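Report on one structure; see the data block that follows.
The model shown is predicted, which means the values in this text are computed figures rather than measured ones. Residue numbers count from 1 along this sequence. Counting convention: from 1, in listed order, for ligands and their atoms alike.
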Amino acid sequence: MSDYDYDLFVIGAGSGGTRAARVSAAHGARVAVAEEYRVGGTCVIRGCVPKKLLVYGAHFAEDLRDARHFGWDVPDDCNFHWPRLRDNVLREVDRINQAYTGTLQNAGVEIIHSRAVVTGPNTVRLDDGTEKTAETILVAVGAHPAVPECPGHEHGITSNEVFHLDAIPKRILIAGAGYIANEFAGVFHQFGAHVILMNRTREILRGYELAIRDRLLQISLMKGLEFRFDAAFQGIEKLEDGCLKVSMHGHEPVVVDMVLFATGRVPNTTGLGLESAGVELDEKGAVRVDEDNRSTCPSIYAVGDVTNRVQLTPVAIREGQAFADNKYGKGDCRVDYDCIPSAVFSHPPLAGVGMTEAEARQKLGSVKVYSSDFRPMKNVLAGRDERALYKMVCNAETDVVVGIHMIGPDVPEILQAAAVAVKAGLTKAQFDATVALHPTMAEELVLLK
Ligand SMILES: Cc1cc2nc3c(=O)[nH]c(=O)nc-3n(C[C@H](O)[C@H](O)[C@H](O)COP(=O)(O)OP(=O)(O)OC[C@H]3O[C@@H](n4cnc5c(N)ncnc54)[C@H](O)[C@@H]3O)c2cc1C
């Protein structure tokens, strides 16, 4: 037994921190985790979970409209009651928060409800001034929403506040073009708000397949969402009637009821005291770590968004698991970052795994691309003019499928299964050898020409 208070002190009980704490304790380590807000972290409390529940809620707007074509009498005054959805979502968040807390406690992890800052290679200080010592410290503090520096930025909100709104605004300006911006654009549009998406460049969803993001842009425009490209904030002014006047370079000002910043996420390292232990940060403030999640201080490790590798929940969880298994279990566990699938829960959703066509052309040279551009049968009967697009990118030499990219109903669900085949390195011929499951949208994947 060491002289330290704990074998492991985890800072942050989010996706990465809870997994690392629980598994380390299961391996026999004496573990404490400090959490300054709520156990569960961003994903559970103000990220993936409540977001996806709002996406489900928003989808009913289209489903109810389409239902008429399927024979259902849906009254015209079919109203949406935001406070009911909000409160139900927040109740579900509370339930998962308690489940996470129970799991940690059952594993023997001590939960300390406090901010913790590093004061040396083996010490942390809590809010009440007490110092705790640990042989190893794991920094799993996540990230927070970036807010642009412009006059009046305090009038805007971020994803931290969006789940607690009193009412849905009539007009909302969403700044950013990443997945969070596009997801909330779809949600607010379905709830009846007029949505303006504003972005510094002309691109949305950088990193995703070009044809797929173009399709989302087309469908969004068709639905009435507005875009302001090449636009930078000049200022946000609160008018006497409470509305917000947003001035931007390159465009006329707009007046809206709410501004939502979805302009990226910044690692939570400010004021964390990491310099006291010689932990190096990169230019974005992320903790620099090696393949084993070890920082430049040998007793301090970091996992998840604070390392700014791939900011996704399943990645943070894998990093937490690998850290715990390496340190206290059988060792030699590393996260494989190749072929990580990801999705945007926009309306319609899109998803992708592996290389885009452009990446494959650059890396492989010789590439074959197959695609299917079709109107899902449900959309046809519903009179909904929205086409799905599936694209498969293959190595022309070997026939190996190196990327799949999709937009259309349910594609995140379909892509998760297809990602197994891409990860396994299957060929186009092996996809084609699989008999189609008819009638589905997913069958297009084995019928691509
Ligand atoms: C709106 C939104 C939607 C998202 N949707 C998805 C999605 O659909 N799919 C997906 O995979 N990912 C999604 N993400 C990203 C996902 O939430 C993160 O990648 C994931 O939560 C990262 O886990 P983490 O453990 O690194 O950090 P977090 O889960 O952020 O946990 C860090 C914890 O540390 C705590 N903390 C910070 N500083 C301290 C301190 N000094 N002392 C004590 N505690 C501290 C914080 O309060 C927090 O609870 C979304 C994020 C957002 C914001």
Side-chain angles (χ1 to χ4, degrees), residues 9-21 32-56 89 93 96-97 100-101 104 111-119 124-127 132 137-146 157-163 174 176 178-184 187 260-274 285-287 289 293 301-321 323 340-346 349-351 412 416:
F9 195 99
V10 181
I11 311 180
S15 305
T18 47
R19 175 58 68 94
V33 57
E35 171 53 55
E36 67 174 353
Y37 184 52
R38 296 185 69 190
V39 171
T42 304
C43 172
V44 170
I45 309 295
R46 45 195 183 186
C48 332
V49 170
K51 181 261 324 256
K52 186 71 188 282
L53 291 170
L54 292 192
V55 169
Y56 279 131
V89 169
V93 165
I96 306 178
N97 160 252
Y100 268 61
T101 305
L104 283 176
I111 301 174
I112 301 172
H113 293 281
S114 167
R115 180 171 167 80
V117 296
V118 173
T119 49
V124 297
R125 193 179 52 241
L126 305 177
D127 279 340
K132 299 283 181 190
I137 296 170
L138 178 68
V139 178
V141 293
H144 64 273
I157 63 161
T158 69
S159 59
N160 282 354
E161 293 77 44
V162 78
F163 300 107
I174 302 178
Y179 77 95
I180 295 176
N182 280 282
E183 289 173 343
F184 280 111
V187 165
L260 169 66
F261 298 118
T263 40
R265 293 181 59 78
V266 187
N268 279 331
T269 48
T270 307
L272 197 59
L274 291 170
V287 178
V289 287
N293 302 298
Y301 292 69
V303 293
D305 283 7
V306 73
T307 62
N308 200 17
R309 286 172 285 186
V310 181
Q311 291 195 335
L312 289 174
T313 284
V315 177
I317 290 174
R318 280 196 176 223
E319 289 169 355
Q321 177 87 38
F323 159 81
I340 296 173
S342 66
V344 182
F345 296 93
S346 42
L350 60 91
Q416 174 69 84

Discussion item. For the CZ atom on R318, are there more than 12 heavy atoms of other groups (residues, nucleotides or ligands in this structure) within a distance under 6.0 Å?
Written reply: no

Worksheet item: What part of L272, side chain, backbone, both or neither, has a heavy atom within less than 4.0 angstrom of ligand 1?
Response: side chain

Discussion item. Just to be sure I read this right, does ligand 1 sit under 4.0 Å from the backbone of K51, its side chain, both, or neither, counting only heavy atoms?
Written reply: side chain

Discussion item. Is there a polar contact between ligand 1 and E183, counting only N or O atoms under 3.5 Å apart?
Written reply: no

Fill in: Close side-chain approach of S159 to R265, heavy-atom, < 4.5 Å
yes

Worksheet, complete the sentence: Going by the 4.0 angstrom heavy-atom rule, the piece of V141 near ligand 1 is both

Worksheet item: Out of I11, D305, T307, who gets a non-hydrogen atom closest to atom 18 (C) of ligand 1?
Response: D305

Item to complete: May I ask you to check if ligand 1 and V306 share an N or O to N or O distance below 3.5 Å?
Response: no

Worksheet item: Of all the non-hydrogen atoms in the protein, which one sits nearest to atom 48 (C) of ligand 1, and at what distance?
Response: E35 OE1, 3.5 Å

Worksheet item: Nearest to atom 27 (O) of ligand 1 by heavy atom, A20, A143, A262, G142: which?
Response: G142

Worksheet item: So, is R265 polar-close to ligand 1, with some N/O to N/O distance under 3.5 Å?
Response: no

Discussion item. Any heavy atom of S114 closer to ligand 1 than 4.0 angstrom?
Written reply: yes

Worksheet item: What residue and atom, counting heavy atoms only, is the protein's closest point to atom 25 (O) of ligand 1, and at what distance?
Response: G16 N, 2.8 Å

Discussion item. Taking atom CD as the centre, does Q416 end up with more than 12 heavy-atom neighbours from other residues, nucleotides or ligands that are less than 6.0 angstrom away?
Written reply: no

Per-pair distances, 0.1 Å, donor-acceptor, side chain in residues 32-45, under 3.5 Å, sequence neighbours excluded:
unit_1, atom_1, unit_2, atom_2, d
E35, OE1, A13, N, 2.8
E35, OE2, Y37, N, 2.6
E35, OE2, R38, N, 3.3
E36, OE1, R115, NH1, 3.2
R38, NH2, D94, OD1, 2.7
R38, NH2, N97, OD1, 3.4

Discussion item. Give me the nearest non-hydrogen protein atom to atom 16 (C) of ligand 1 as residue plus atom name, then the distance to 0.1 Å.
Written reply: T313 OG1, 3.3 Å

Worksheet item: Of all residues at least two apart in sequence or in a different chain, which pass the ring pair (Phe, Tyr, Trp, His ring centres under 6.0 Å) check with F184?
Response: F163

